[in-house]
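A quick note: this is a predicted structure, and the numbers were derived from the prediction, not measured.
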Amino acid sequence: MEFNGTFLATIITFIVFVFVMNKILYRPILSIMEQRNEFIDTNYKNARQNDAKTDELSAEREEQLGEARDDARKKYLESVNNFKKGRDEEIAVVQDEVKEELERSGEELLQLSDEVKKELKSSMTTLASDIVEKVIGYRSEVESFDDEKVDSVLWGNK
């Protein structure tokens, strides 16, 4: 192989070409690629940070929702218990009133029954005389009754 001036000119031309290409094309392209990589890395880091913040906020939100649910549940149960307590108290008051009314009514009925029995006892002589008159045809006076016998018939005493 022979080395002549063309070979040397080709090598010099190639070196000049590489130098010019390096200045004009390679360095700007490498600079743009570095900037792009930095941009991508920065955005990737920001995305990771945002994901971490999102996860943190989601966890905090879930915790707050859980606390809110617990508070709402407690308030609901408390209001239900208060309602039941108030209802039970009202029912007890009404039951007491009804019980008192029943006792008064029972006492009134007993008094009325006693009054009717006394009235019947007082009119027994007249009634007996009327019955005797109807049966035998003339009026005869009935003598007094044994009070103990009348009481046992009217009041059920033995």
Side-chain angles (χ1 to χ4, degrees), residues 1-124 126-127 145-158:
M1 246 188 148
E2 249 182 78
F3 290 104
N4 59 14
T6 338
F7 180 70
L8 190 57
T10 305
I11 289 179
I12 292 172
T13 306
F14 181 72
I15 290 174
V16 169
F17 174 74
V18 169
F19 180 73
V20 169
M21 288 301 282
N22 194 17
K23 281 283 193 195
I24 295 173
L25 187 62
Y26 295 133
R27 280 191 188 161
I29 288 176
L30 288 176
S31 174
I32 289 172
M33 287 176 62
E34 278 183 33
Q35 289 174 354
R36 184 172 176 261
N37 282 339
E38 286 177 18
F39 177 75
I40 289 172
D41 288 343
T42 303
N43 285 338
Y44 185 70
K45 286 178 186 176
N46 288 341
R48 278 189 168 178
Q49 289 174 350
N50 288 340
D51 282 345
K53 285 181 183 178
T54 302
D55 291 342
E56 183 180 315
L57 290 174
S58 293
E60 186 177 321
R61 185 181 124 255
E62 287 299 321
E63 183 180 329
Q64 289 175 348
L65 283 174
E67 289 174 2
R69 277 190 216 110
D70 290 343
D71 287 345
R73 191 173 295 122
K74 285 177 186 177
K75 287 180 181 179
Y76 171 75
L77 291 174
E78 185 178 308
S79 65
V80 166
N81 288 336
N82 288 340
F83 173 77
K84 286 180 180 179
K85 186 177 179 181
R87 181 195 63 194
D88 291 344
E89 289 173 359
E90 289 179 16
I91 288 173
V93 167
V94 170
Q95 285 176 339
D96 290 342
E97 290 173 0
V98 167
K99 193 175 190 180
E100 290 174 7
E101 184 66 30
L102 281 174
E103 288 175 1
R104 277 194 301 264
S105 296
E107 290 172 2
E108 289 175 5
L109 284 175
L110 283 175
Q111 287 176 354
L112 185 61
S113 172
D114 288 344
E115 288 175 12
V116 167
K117 287 176 183 177
K118 286 179 184 175
E119 183 67 32
L120 182 62
K121 187 177 177 182
S122 67
S123 65
M124 266 179 57
T126 310
L127 184 62
F145 293 101
D146 182 12
D147 282 341
E148 288 180 18
K149 283 279 188 191
V150 171
D151 287 343
S152 71
V153 169
L154 289 177
W155 280 277
N157 299 337
K158 293 185 179 182

Starting at CD of Glu119, measure out to CG of Asp114 and round the result to the nearest 0.5 Å.
13.0 Å
Taking salt bridge (charged side-chain N to carboxylate O under 4.0 Å, His left out) as the cut-off, I'd like each qualifying pair that reaches into residues 34-58, sequence neighbours left out, listed once.
none
Would you call Asp70 and Arg73 a salt bridge, using N to O less than 4.0 angstrom?
yes
Donor-acceptor contact present, side-chain Ser58 to main-chain Thr54, <3.5 Å:
yes
Hey, could you give me the CD/CG distance between Glu115 and Leu110, rounded to the nearest 0.5 Å?
11.0 Å
Distance, nearest 0.5 Å, that separates CD of Glu78 from NZ of Lys85
10.5 Å
Once rounded to the nearest 0.5 Å, what's the spacing between atom CD of Gln49 and atom OH of Tyr44?
12.0 Å
Donor-acceptor pair, Asn22 side chain versus Val18 backbone, under 3.5 Å?
no
Let me confirm one number: the CD-CD distance from Glu60 to Glu63, rounded to the nearest 0.5 Å.
7.5 Å
Answer yes or no: is there an ion pair linking Arg104 with Glu101, defined by an N-O contact shorter than 4.0 Å?
yes
Would you compute the distance between atom CZ of Arg27 and atom NZ of Lys23 and round it to the nearest 0.5 angstrom?
4.5 Å
Is it the case that the side chain of Ser79 and the backbone of Lys75 share a donor-acceptor pair, with hydrogens and angles ignored and the cut-off at 3.5 Å?
yes
